[in-house]
2 protein chains.
Amino acid sequence: MTIEEGFGLILKKYRNQSGLSQEALAFKSGLDRTYISLLERGKRKPTINTIFSIAIILNERPSKLIKELEDLLDAV
Amino acid sequence: MTIEEGFGLILKKYRNQSGLSQEALAFKSGLDRTYISLLERGKRKPTINTIFSIAIILNERPSKLIKELEDLLDAV
DNA sequence: TTGTGACTAAAAGTCCGTG
DNA sequence: TCACGGACTTTTAGTCACA
C-alpha cells in the first residue's frame with residue numbers, strides 16, 4: 001500500500017464517522033468535491049496544508065491521522 | 001506563522017540535531033540540496049510523501065514532526 | 001555551508017460534466 | 001452520494017549556476 005492510498009482510507013473512515021458527505025467536507029474545507037474523491041481513492045498526494053485543513057474540519061489532530069497512517073503502513 | 005514556515009523550523013531543528021548538513025540530508029533522502037533549503041525557509045509546502053521521506057532519514061516518526069508542528073502553531 | 005533567482009517537469013487542485 | 005474523466009490553472013518537485 002502506498003502512503004497516499006493509506007491516507008485515502010483514513011480520510012474516508014474519519015469522514016464517514018463525522019457524517020459528512022464528500023461534498024460537505026469539500027465545502028467546509030474550501031477544497032473541491034472531486035479532489036476529496038481523488039484523495040480518498042489514493043490518486044493524489046496532499047500537501048501538508050491540505051492535511052491540516054482536512055484534519056481540522058474533521059475535528060481531529062493532523063498528527064493523529066498521520067500516526068494512524070504510520071500504523072497502517074507498518075501493519076503491512 | 002504559516003504551516004510551511006513551522007515545518008521548516010522543525011525540519012531545520014531535527015536536521016541540526018542529527019548533525020547532517022543540508023547537502024548530506026539531501027543526498028540520503030534523494031532530494032536536492034536547494035529543495036531542502038526551500039523547505040527549511042518555508043517556501044514550499046511538502047506533500048505527504050516528502051514529509052515521510054524526510055522523517056525517515058532523520059530517524060523520526062512523521063507523526064512526531066507533525067505533532068511538534070501542531071504545538072508550535074498552537075503556541076502562537 | 002547555505003540562500004537565491006531562474007527555470008522545466010510534474011503534480012496539486014478546480015470546474016465542467018456523466019452514469 | 002459517489003466514481004470517474006477531460007480540460008484546465010496553480011503550485012510544488014526538482015535542478016542549476018552563482019553569490
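- Side-chain contact between Ile36(B) and Arg33(B) is absent, with no heavy atoms from C-beta onward closer than 4.5 Å.
- Contacts between residues 18-25 of chain A and DNA chain D, counted as heavy-atom distances below 4.0 Å, involve Ser21(A), Gln22(A).
- Sorted by residue number, the members of residues 26-38 of chain A with any non-hydrogen atom under 4.0 Å from DNA chain D read Arg33(A), Thr34(A), Ser37(A).
- In summary, contact between chain A and DNA chain D, defined as any nucleotide atom under 4.0 Å from a heavy atom of the protein, begins and ends at dC2(D) to dG5(D) in the 5' to 3' direction.
- Within residues 40-64 of chain A, the residues approached by DNA chain C to less than 4.0 Å at the level of any non-hydrogen atom are Arg44(A), Lys45(A), Pro46(A), Thr47(A), Thr50(A), in residue-number order.
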Under 3.5 Å, side-chain donor or acceptor atoms of residues 23-30 of chain A against the rest of the protein: list the pairs with distances, not counting sequence neighbours.
unit_1   : atom_1 : unit_2   : atom_2 : d
Ser29(A) : OG     : Leu25(A) : O      : 2.7
Ser29(A) : OG     : Ala26(A) : O      : 3.4

Would you be so kind as to tabulate the donor-acceptor pairs closer than 3.5 Å made by side chains of residues 6-14 of chain A, with sequence neighbours excluded?
unit_1   : atom_1 : unit_2   : atom_2 : d
Lys13(A) : NZ     : Glu68(A) : OE2    : 2.3
Tyr14(A) : OH     : Glu68(A) : OE1    : 2.4

### Message
Using side chain to side chain donor-acceptor pair (under 3.5 Å), reason through Thr50(B) and Thr47(B) one step at a time and then give a plain yes or no.
### Response
CA-CA 5 Å; Thr50(B) 302; Thr47(B) 63; 3.3 Å; yes
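- Side-chain atoms of Ile3(B) and Lys45(B), non-hydrogen and from C-beta on, never get closer than 4.5 Å to each other.
- In terms of the side chain to side chain contact (heavy atoms under 4.5 Å, CB included) criterion, residue partners of Arg41(A) (sequence neighbours excluded) are, by chain and number, Ser37(A), Leu38(A), Lys43(A).
- Residues passing the side chain to side chain contact (heavy atoms under 4.5 Å, CB included) test with Asp32(A), sequence neighbours excluded: Thr34(A), Tyr35(A).
- Arg15(B) pairs by the side chain to side chain donor-acceptor pair (under 3.5 Å) definition with Glu40(B), not counting sequence neighbours.
- If you take CG on Leu73(B) and OG1 on Thr2(B), they are separated by 8.0 Å, rounding to the nearest 0.5 Å.
- The footprint of chain B on DNA chain C, defined by a heavy-atom cutoff below 4.0 Å, extends from dT2(C) to dT4(C).
- Residue Ile66(A) holds its CD1 atom at 11.5 Å from CG of Leu72(A), rounded to the nearest 0.5 Å.
- The closest side-chain heavy-atom distance from Ile48(A) to Ile48(B) is not below 4.5 Å.
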### Query
Given the rule that a pair is Watson-Crick or G-U wobble with both distances under 3.5 Å, how would you write DNA chain D in dot-bracket, using | for pairs to a different strand?
.||||||||||||||||||
Please tabulate, for side-chain N and O atoms in residues 54-65 of chain A, each donor-acceptor pair with protein atoms closer than 3.5 Å (sequence neighbours left out).
unit_1   : atom_1 : unit_2   : atom_2 : d
Glu60(A) : OE1    : Lys64(A) : NZ     : 3.2
Arg61(A) : NH1    : Glu70(B) : OE1    : 3.1
Arg61(A) : NH2    : Asp74(B) : OD2    : 2.7
Ser63(A) : OG     : Glu70(B) : OE1    : 3.1
Ser63(A) : OG     : Glu70(B) : OE2    : 2.9

